[in-house]
Amino acid sequence: MGNTLIEKIIMKNTGLKDVAPGQIVTVRPDRVMIHDIFIPFVAEKFEEMGFTKLDDPDKVVLIYDHLVPASLVEDIRHFKIGDAFAEKYGLTHVHRSDGICHQLMTEQGYAKPGNIVFGTDSHTTTYGCVGCFSTGIGYTEMASILGTGELWVRVPETIKVELEGALPDNVMAKDVILTLLGDLHSDGATYKALEFTGSGVDAMSVSSRMTISNMAVEAGAKCCLFRPDEKTCEYSKVSMEDVAWLKADPDASYERTVHYDAKDIKPVLAAPSRVDNIHKVSELEGTPIDQVFIGSCTNGRLEDLAAAAKIMGGKKVAVRTIVTPASRDIYKAALKAGYLETLSKAGCIITQPGCGLCCGRAGGILADGEKVLATNNRNFLGRMGSSKVEIFLGSPKTAACSAISGRITMP
Amino acid sequence: MESTVWKFGNDVDTDQIIASQYLLLPDVEEMKQYAFESLDPGFAGKVKPGDIIVAEENFGCGSSREQAPAVLKALGVKAVVAKSFARIFYRNAINIGLPAMVCRDLPGHVDTGDKAEVDMEKGVITAGGQEYPCTKLPEYMQKILNQGGLIASLNKE
């Protein structure tokens, strides 16, 4: 019996000749990521465990993003604790204002094809876009990895997702993952790996794949993998030879296969307040909204900003519209390409890269009874301000068209 | 010892267990008063040490915040029993020494205020004169839980 992509990565890391779903194995992660919200807790637990040095400081990446720039004076405490921890234990990979952790981890080359990476954030699944096994853990487990260099994992079952053909023009990767969430439901992939294949996936940019792997956790998935291709290698600066081993065997065993014809996928939204409450945009068209948000680690990349700029060029937004690029590099590229100027002329508020609005802390939070159409990854109660805000999740194209009309609008 | 049941539904997410705006409070002791604020605002004042949480499918979905099981443990919750758990919540609960028990049948037969008796050793919950078996933890996790969580377990090694 052959092996799936996740099994291949675990076998490579552990040196085991074969692994099977359900087996518990100990892996040595290639990198770990800690962000500003949890660094105080990681630091406290690390010392409580009696460790005095890191297993390997080079493997640790510390990123400030949820609290950047600070919106409460208490936020500074997290930066101070992080800086002190970095200084004391010799961390060299510290990003204090470069962007959202999940964008930076692949963009800056910390998470590479075939790696195993753990992070103190559920959306750590994002790095599967380059064929990296990455998943979220709690701060106590992170502290333990910092000291031991190891973590136990259960080898997951794999659900294969096939996407064949070309997506319609008004449909984006976001619509693909939302459609899948509607079909699998929010616990349909709990403890499992998703493996995406097919010509529809081959045609996608790494950025689009990132949107999908980012939201895989909303189905409970442990990870979401894409087999690396030329585009991945160019993005991750590795050679095709380096990743030749990184593929599922033809006789690999899948728990099940879900198949989509790309041409049948429609623009959709996750309506309040569940990520699997999926409706066609056409069914909700005309619903008045108070705000639009285009950005986040789900949809704040250059292609997302380009799509929004193309729609908004020469027009004016009808509602408050917040645009948040996912990283400083994306911000600079969007500036150079003229997208930020176009969006600004259309009346958008362009913010610094960061997590503020998506985690309901700052930068455009909403009040009781308001509705927002947002491109981020969660529409839970209380996620973007008051617990009485209604959040609709959709693609950047749907968001941009709706910003112009002030109502939910078909892209 | 009998425990009082606090019953919740499907897909209780970590924002509902402890909302993100409270994660910046300096410690779990200060956070615990806000547990389940959006679902049951008075919960923290009503729950008693030794009580159990019983929920339907996918308990603890959403973020990786370990404060979600931690506030429940800080309130004295003895165990969380659900038809199924989200992956990160489950690992976090065991790692901090809060028993997370998968039980398919109990949730459909109890409501808030009911009494139940949890037998951790046997992995059985008794309520209304009926015994409900729970899925056994993998040996590795049972060891961590028996030692009182991951920190205690590492300190022993």
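Just so you know, these numbers use all the heavy atoms, side chains as well, and skip hydrogens, waters and symmetry mates. So that the names make sense, note that chain A is the first sequence line, chain B the second, and so on, each numbered from 1.
Heavy atoms of A:Tyr139 lying under 4.5 Å from chain B belong to its backbone as well as its side chain. Contacts between A:Thr124 and chain B at a heavy-atom distance below 4.5 Å are absent for every atom of the residue. Using a 4.5 Å cut-off between heavy atoms, A:Ile137 touches chain B through backbone and side chain atoms alike. B:Ile144 touches chain A through its side chain: at least one heavy atom from C-beta onward sits under 4.5 Å away, while N, CA, C and O do not. The contact between A:His78 and chain B is made entirely by side chain atoms (from C-beta outward), counting heavy-atom distances below 4.5 Å. Contacts of A:Asn377 with chain B are absent, with no heavy-atom separation under 4.5 Å from either backbone or side chain. For A:Thr190, the part lying under 4.5 angstrom from a heavy atom of chain B is the side chain only. In this structure, chain A has a heavy atom under 4.5 Å from the backbone of B:Phe85, while its side chain stays farther away. Contact of B:Ala86 with chain A is made through the backbone alone, with heavy-atom distances under 4.5 Å. If you measure heavy-atom distances from A:Leu72 to chain B, you find no contacts under 4.5 Å at all. With a threshold of 4.5 angstrom between heavy atoms, A:Leu151 approaches chain B through side-chain atoms but not through N, CA, C or O.
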Pair B:Ser84, A:Asp187 - check side-chain contact (heavy atoms from CB on, under 4.5 Å), show working. CA-CA 9 Å; B:Ser84 64; A:Asp187 59 352; 4.3 Å; yes
I would like to know whether A:Phe38 and B:Gln67 meet side-chain contact (heavy atoms from CB on, under 4.5 Å); could you show each step before the answer? CA-CA 10 Å; A:Phe38 293 138; B:Gln67 287 90 343; 3.3 Å; yes
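Remark: A:Glu48 CD to B:Asn155 CG distance equals 8.0 Å, nearest 0.5 Å. The line from NZ of A:Lys45 to CG of B:Asn95 is 11.0 Å long, rounded to the nearest 0.5 Å.
Here the closest non-hydrogen pair linking A:Trp152 and B:Arg91 is O-NH2, 2.6 Å. Counting all heavy atoms, side chain and backbone alike, A:Leu381 lies closest to B:Gln16 at CD1-NE2, 4.3 Å. When all heavy atoms of B:Pro138 and A:Ile24 are compared, the pair lying nearest together is CB-CD1, 3.7 Å. Pairing each heavy atom of A:Phe41 with each of B:Leu25, the nearest pair is CZ-O, 4.4 Å.
Top candidate by heavy-atom pairs under 4.5 Å with chain A, chosen from B:Glu37, B:Glu139, B:Glu66, is B:Glu66. The candidate with the highest count of non-hydrogen atom pairs below 4.5 Å against chain A, out of B:Gly62, B:Pro26, B:Ala70, B:Ala68, is B:Gly62. Between chain B and the options A:Gly147, A:Gly50, A:Ser186, A:Gly22, the largest number of non-hydrogen pairs under 4.5 Å is found for A:Ser186. Your options are A:His66, A:Glu44, A:Arg154, A:Arg77, and the one with the most heavy-atom pairs under 4.5 Å with chain B is A:Arg77. Most heavy-atom pairs under 4.5 Å with chain A, from the set B:Leu24, B:Ile88, B:Leu150, B:Asp15: that is B:Leu24. For the set A:Arg274, A:Glu141, A:Glu218, A:Lys222, the count of heavy-atom pairs under 4.5 angstrom toward chain B peaks at A:Glu141.
Here the side chain of B:Ser64 pairs a donor or acceptor atom with the backbone of A:Thr120 at under 3.5 angstrom. Under the 3.5 Å distance criterion, the side-chain polar atoms of B:Gln21 are left unmatched by any main-chain donor or acceptor of A:Arg361. At least one donor-acceptor pair closer than 3.5 Å links the side chain of B:Arg87 to the backbone N or O of A:Gly136. Remark: the backbone N or O of A:Cys359 is paired with a side-chain donor or acceptor of B:Ser20 at under 3.5 angstrom.
Annotation: B:Lys46, atom NZ; neighbour count of heavy atoms from other residues, nucleotides and ligands within 6.0 Å is above 12.
At least one side-chain heavy atom of B:Ser63 sits less than 4.5 Å from a side-chain heavy atom of A:Arg378.
Ring orientation note: the planes of A:Tyr191 and B:Tyr90 are nearly perpendicular, at an angle over 60° on the 30°/60° scale.
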